[in-house]
Number of protein chains: 2
Amino acid sequence: MELSERKQKILAAVVEQYIKTGEPVGSKVLLDSLDMSVSSATIRNEMSDLVMLGYLDQPHTSAGRVPTHLGYRYYVDNLMKNGELNEETRRLIDAGVETSAGDPERLLEHAGEVLAYLTKCAAVMTTPAGESARIKRVELVPISSRTVMIVLLTSNGILRSKLCRMDMGITTSMCETFYNIADAALIGVPVRNITPAYLQSLAATLGMETLSMFPLLSTVADLSQSAIQSQVMLEGQSNLLHHREYEGRAYELLEFLSREDPLEQLIGQSRSDFEIRIGKENIFPQLENSSLILAKYSIGEDGGGSIGIIGPTRIDYPRLIPSLKYISGLISETMQKALED
Amino acid sequence: MELSERKQKILAAVVEQYIKTGEPVGSKVLLDSLDMSVSSATIRNEMSDLVMLGYLDQPHTSAGRVPTHLGYRYYVDNLMKNGELNEETRRLIDAGVETSAGDPERLLEHAGEVLAYLTKCAAVMTTPAGESARIKRVELVPISSRTVMIVLLTSNGILRSKLCRMDMGITTSMCETFYNIADAALIGVPVRNITPAYLQSLAATLGMETLSMFPLLSTVADLSQSAIQSQVMLEGQSNLLHHREYEGRAYELLEFLSREDPLEQLIGQSRSDFEIRIGKENIFPQLENSSLILAKYSIGEDGGGSIGIIGPTRIDYPRLIPSLKYISGLISETMQKALED
DNA sequence: TTTAGCACTCTTATCATTCGAGTGCTAACT
DNA sequence: AGTTAGCACTCGAATGATAAGAGTGCTAAA
């Protein structure tokens, strides 16, 4: 849909004004902020058209105009000029991220905190996905006579552990057997291949002696399972309460955000490196008044995850997008540096 | 402060009625729920006394009465009869906790979820404190030519890991040296003893060869540090938004809860096994309209942590306390079972 | 000491009124 | 054909008056 230059100018002005004030914007206010040499009546006509086209909405007949999600979309795609990342912000981000290079999860957590602080929105992060990760190491740690802790480490640095309780006492020979099996049939195997079916076939090959191994092996499968699933983290939920648009309606959103499954789904849908989903563009009805901005960070060829912000549709896109892009880039860089060499 | 039996009866009735409805309770309503053979005027007189004594408050001259934090306190200490844990609730708790016996953190998380669901409040949990824990195992896992992951396991089952980046390449001899040091001077040492000072003295004893070990050792110190600190977890924050008393005021509380440090402090203060802090009894002003109910769970002699709920002062104490006690008992039991033998 | 009765207080809901921001339309103008 | 001034109109927000209702405190009698 092509818009005349003047309509574009007006639409941009409405969006920007509304982002700034949160009040429906009328033709008079626009006159000031636009320094065009036209009258308010002309602007009214143009705005009326924009309403027809679906880019603007008016809460009631005698109110100013408010952008629809289509309006925001047009603005974001065609009109918006991304702001510069100011020096102070950059420093803040650097400081937040650099402190915790050693631990991916902590790194993400800190990045989320900074992001939430900067944007006054909620930040979501996913831990690096282990899609193509392989098992790097499996350790057995005796805890008591009948309990061992199994520790699993994957090639992309994910560490998972779980207790496993055995029916009989744990012997060194059992451990040896287990390590043998592990060396032969677990180490180096892609995590996603470690399925119950795989274990079945393993048991068949190895015969009787694996019987006592079964609890251990199935624990390994559990761990593999949980290593694949990238966890979702959330920071700064309470920031959302500051925004007028959620007044009284905050519960639905916060409740939605507090459940991991839908959140995972939400973020998992994304395929591109950078994505903005505005209001009703989101599939989940709980987000129909919110915008999601997602950026991917990457580690090496295959690995990576996402970091993003969730806030009202009336969010300061031009200011926040550069921050998010910078932060995701920095995460990629930092994680890469830690892992590769 | 001794109260006449009738005053006690009235106080109890006011508290219970207010818990049920959230409306200031007047003398008439009390008449019904009290089936005493007195008139409303008598009750009014008594209530007037209770206001003088500080147990009740009235929002304005012609409103009913509302319990003060002293009123709740008197009720909780002297008047309340704990309810029975109903069968369905017990089953729900059992189901929530049993599913994840293998992993202490996950166990707590699930317990918190169930608790939040049952109480419609926020649930807080701390991971088992490692006060007297010892280092059980230290592992070096090469990640790349210059990066190793160090994994620390303590006697109470806490697992921590961190990447450590070295200036020079990692050799097998370095690893051997490290393991030797670890065996000699780390394994079995109480975690809280692993301080920078301890490492200094270690370096002095071992001489030059430890120089290259220093990054590794100080990472071990970091990990020990973080193993000591029991983490605080939070579930069901969004539940709080349901309560009228937080309407419009929710931000302060949620913001407070989202910060780990004060939360840790809050829970750390507790010394007894079971504790109730009502409204202004809390030190933090953000909690002056909230109640905290905390129960300790224990593992063995020394270890343990807390689980509790945070909600409005107008909380259904008699119903929720049994649930909390049951859940904390179950956590103790389950964790114990997993670790000991 | 208790109680009935009653005047009084304060909140809440409702409704009419007003005010003002902003619109849409029309007719005139360039 | 597009633009503009002018004006009637709409709708929400604010204001204020009024009424209803809940609950109290006090007084005088039982």
Side-chain angles (χ1 to χ4, degrees), chain A residues 2-11 13-18 20-68 71 244-245 247-248, chain B residues 2-11 13-18 20-68 71 244-245 247-248:
Chain A
E2 264 314 313
L3 291 185
S4 74
E5 196 177 332
R6 196 168 64 188
K7 281 202 175 62
Q8 294 192 357
K9 224 167 155 183
I10 290 176
L11 176 56
V14 171
V15 171
E16 279 160 15
Q17 187 67 27
Y18 185 66
K20 213 186 297 173
T21 66
E23 302 289 328
V25 320
S27 50
K28 253 194 199 134
V29 186
L30 275 192
L31 254 195
D32 298 347
S33 71
L34 259 177
D35 68 309
M36 288 174 86
S37 48
V38 292
S39 75
S40 67
T42 309
I43 294 185
R44 278 204 292 283
N45 288 332
E46 294 285 48
M47 291 210 290
S48 177
D49 288 354
L50 286 168
V51 170
M52 295 295 182
L53 293 168
Y55 295 117
L56 295 180
D57 195 15
Q58 53 190 151
H60 52 88
T61 22
S62 76
R65 304 312 212 284
V66 163
T68 63
R244 285 216 232 2
E245 25 269 284
E247 211 152 286
Chain B
E2 262 316 313
L3 290 185
S4 76
E5 196 176 333
R6 195 168 65 186
K7 280 201 175 62
Q8 294 192 356
K9 224 167 154 183
I10 289 176
L11 177 55
V14 171
V15 171
E16 279 160 15
Q17 187 66 28
Y18 186 66
K20 213 186 298 174
T21 66
E23 303 289 329
V25 318
S27 50
K28 256 201 196 123
V29 186
L30 276 192
L31 255 194
D32 299 346
S33 71
L34 258 178
D35 68 309
M36 291 173 86
S37 48
V38 290
S39 76
S40 68
T42 310
I43 294 184
R44 278 204 292 282
N45 288 332
E46 294 284 48
M47 289 209 292
S48 179
D49 289 354
L50 287 169
V51 170
M52 295 294 183
L53 293 169
Y55 294 117
L56 295 180
D57 194 16
Q58 51 188 156
H60 52 85
T61 22
S62 76
R65 303 312 210 283
V66 165
T68 63
R244 307 210 220 354
E245 26 269 284
E247 208 153 289

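Throughout, a chain's letter reflects where its sequence line sits, starting with A, and its residues are numbered from 1.
The distance between atom OH of B:Tyr18 and atom P of D:dG23, rounded to the nearest whole Å, is 14 Å. Whole-Å rounding puts the B:Leu50 CG to D:dG25 P distance at 12 Å. The separation between A:Ile43 atom CD1 and C:dA21 atom C1' is 16 Å, rounded to whole Å. If you measure from atom CG of B:Leu30 to atom C1' of D:dT24, you get 13 Å, rounded to the nearest angstrom. Between the C1' atom of C:dG24 and the NZ atom of A:Lys28 lies a distance of 15 Å, rounded to the nearest Å. Atom C1' of nucleotide C:dG20 and atom CD of A:Glu23 are separated by 14 Å, given to the nearest angstrom. The distance from atom CG of B:Asp57 to atom C1' of D:dT24 is 14 Å, rounded to the nearest whole Å. Taking atom NE2 on A:His60 and atom C1' on C:dA21, their separation rounds to 9 Å, with Å as the unit.
Residue B:Leu34 holds its CG atom at 12.0 Å from OG of B:Ser40, rounded to the nearest 0.5 Å. Atom NZ of A:Lys7 is separated from atom CD1 of A:Ile43 by 12.5 Å, given to the nearest 0.5 angstrom. The line from CZ of A:Arg244 to CD of A:Glu247 is 8.5 Å long, rounded to the nearest 0.5 Å.
Under 4.0 angstrom from either OP1 or OP2 of D:dA22 there lies no side-chain N or O belonging to B:Ser62. Put simply, A:Arg65 has a side-chain N or O that comes within less than 4.0 Å of OP1 or OP2 on C:dT23. For the OP1/OP2 pair of C:dC10 and a distance below 4.0 Å, the side-chain nitrogens and oxygens of B:Gln58 include no atom meeting the criterion.
Taking 4.5 Å as the limit, every side-chain heavy atom of A:Leu56 sits out of range of all side-chain heavy atoms of A:Val66. In this structure the side chain of B:Arg65 never reaches within 4.5 angstrom of the side chain of B:Pro24, judged on heavy atoms. For the pair A:Leu50 and A:Leu3, the minimum side-chain heavy-atom distance is below 4.5 Å.
The heavy-atom pair separating B:Gly54 from B:Thr68 by the smallest distance is O-OG1, 2.6 Å.
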* Structure fact -> Readout for nucleotides 2-7 of chain C: B = base within 4.0 Å of protein heavy atom, S = sugar-phosphate only, - = neither; 5' to 3' it is SBBB--
